[in-house]
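Remarks on the structure that follows.
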Amino acid sequence: MANGDSKAWFGDEPLEQNDPEIYNIILKEKDRQRRGLELIASENFASKAVLEALGSCLNNKYSEGYPGTRYYGGTKFIDELETLCQNRAREAFGLTAEKWGVNVQPYSGSPANFAVYTALVEPHGRIMGLDLPDGGHLSHGFMTDKRKVSATSIFFESMPYKVDPQTGLIDYEQLQVNAKLFHPKLIIAGISCYSRNLDYAKLREIADENNALLLADMAHVSGLVAASLVANPFDYCDIVTSTTHKTLRGPRAGIIFFRRGVRRTLKNGNEEMYNLEKPINEAVFPGLQGGPHNHAIAGVAVALKQTMDPSFKAYGKEVIQNARVMAKCLMDRGYHIVTGGTDTHLLLLDLRSKGLDGNRADKVLEEISIACNKNTCPGDKSALRPSGLRFGTPALTSRNLKAADFEKVVDFIDKGISIALEIKAASGPLLKEFIATMESETYQKKIATLRDEVETFAVKFPLPGKDVL
Ligand code: DSN
């Protein structure tokens, strides 16, 4: 705040003057996003309209409770906002209020999942999700033989299911056998790194055999579900959670859909009704959260409206096509893609056949301004020594890169991996030795030349929302 400027006390100074340190960090990050190629499968660029909603006065308002039943005054417009967001959420996924309720208050995907477990599974009750090294998500109950890593595995008993190490495809048969022994209360159909459609019908069958609930965590693919381009979890699942910032292209937030009405008809002819709404709403608030983030809810509502525009379906189609182009181009260059391709926005490159690993490849790609993440591949023994790289196309497709541009992106990746292989051959066996060699003058020169090429290419594609800080 400027000395002696009484106006500053009212918070009217722009960020640039009020806090140049933070302002400059934001500018540097924005420049990094502009110059680089963002291939992290869970990231995207939210639109200007979403960013404006996020930066609005809605940030200021507390509104603990739900529309019509708040614990604070002044919530007339917040009620209007949250109700509109709920209705748009149902509309975006083709759902009716008769069959589906929705909670738009979760702060993000992990809290949304934890709220569902808290609501529906008793403490130390049993759940089954895809194991993290096999492409599942931390919040689905990850633990190792040494440590319960995710709080989900501390407060609930988690038995994972796996992919077949040969094909990389989910081993539904083994899950079916294990479920009969483990008797889970809840089965989770969700992924963080699995490039194929989930077989929700099979998962429903397994859940029914065990009288278990079926939760889909569609975080990665929710935009593609809204665009009707991948398998639809709503056809089979009791509960569906999602983040809103991945393929959905909204702000960072979470959402929970839950079924209403008749669950099933019992043998005696009576109908069993779903009882999900009250426990889930109470688990979110007051169970786990306080006031909803109303600026985020506004951003979610804006993003949901955008998904209903025909242009969003076109965007989703390109996201998938671009991922397929990347997978094909990489395979044409002799790389191994787990499962042999993709049905979605992401692909998993297994570097074992090239004699490289995710840690080393990821380090060099970051140096050449390509952001992706190291990832375990089927059969990997440790999440700390992953063999692969996960790539996703939602962010760059939002920057309007087309199929031919993704061929160029693969060319950059291939060149980066070649440099990583050279560095590996010239360095000792430890990662720190690899990094020391990478930082030597010889390799820094090569890296700088390639980084210039990547950045010259990337800046040709404007960032959505570029006018918002
Ligand atoms: N971190 C996200 C991902 O990369 O899949 C999920 O939370």
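In each ligand, atom 1 is the first atom listed, and ligand 1 is the first ligand listed.
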Enumerated ligand 1 atoms positioned under 4.0 Å from heavy atoms of Ser192: 3 (C), 5 (O)

Greater than 12 external heavy atoms within 6.0 Å of Tyr236's OH: no

Element-labelled atoms of ligand 1 that are located less than 4.0 Å from some non-hydrogen atom of His220: 3 (C), 5 (O)

Per-atom contacts, ligand 1 versus Arg390 - under 4.0 Å to a heavy atom: 3 (C), 4 (O), 5 (O)

Phe93-Phe257 aromatic ring centre distance below 6.0 Å: yes

Location of contacts on His245 toward ligand 1, heavy atoms closer than 4.0 Å: neither

Within reach of ligand 1, part of Glu43 (heavy-atom separation under 4.0 Å): neither

Rounded distance [0.5 Å steps], CG in Leu276 versus CH2 in Trp100: 9.0 Å

Within 6.0 angstrom of Lys148 NZ, more than 12 heavy atoms from elsewhere: yes

Which residue and heavy atom of the protein sit nearest atom 1 (N) of ligand 1, plus the separation: Ser42 OG, 4.3 Å

Pi-cation contact, Tyr315 with Arg249 (under 6.0 Å, within 45°): yes

Quiz item: cation-pi between Arg360 and Phe434, 6.0 Å / 45°: yes

Protein heavy atom at shortest distance from atom 6 (C) of ligand 1: His137 NE2, 3.3 Å

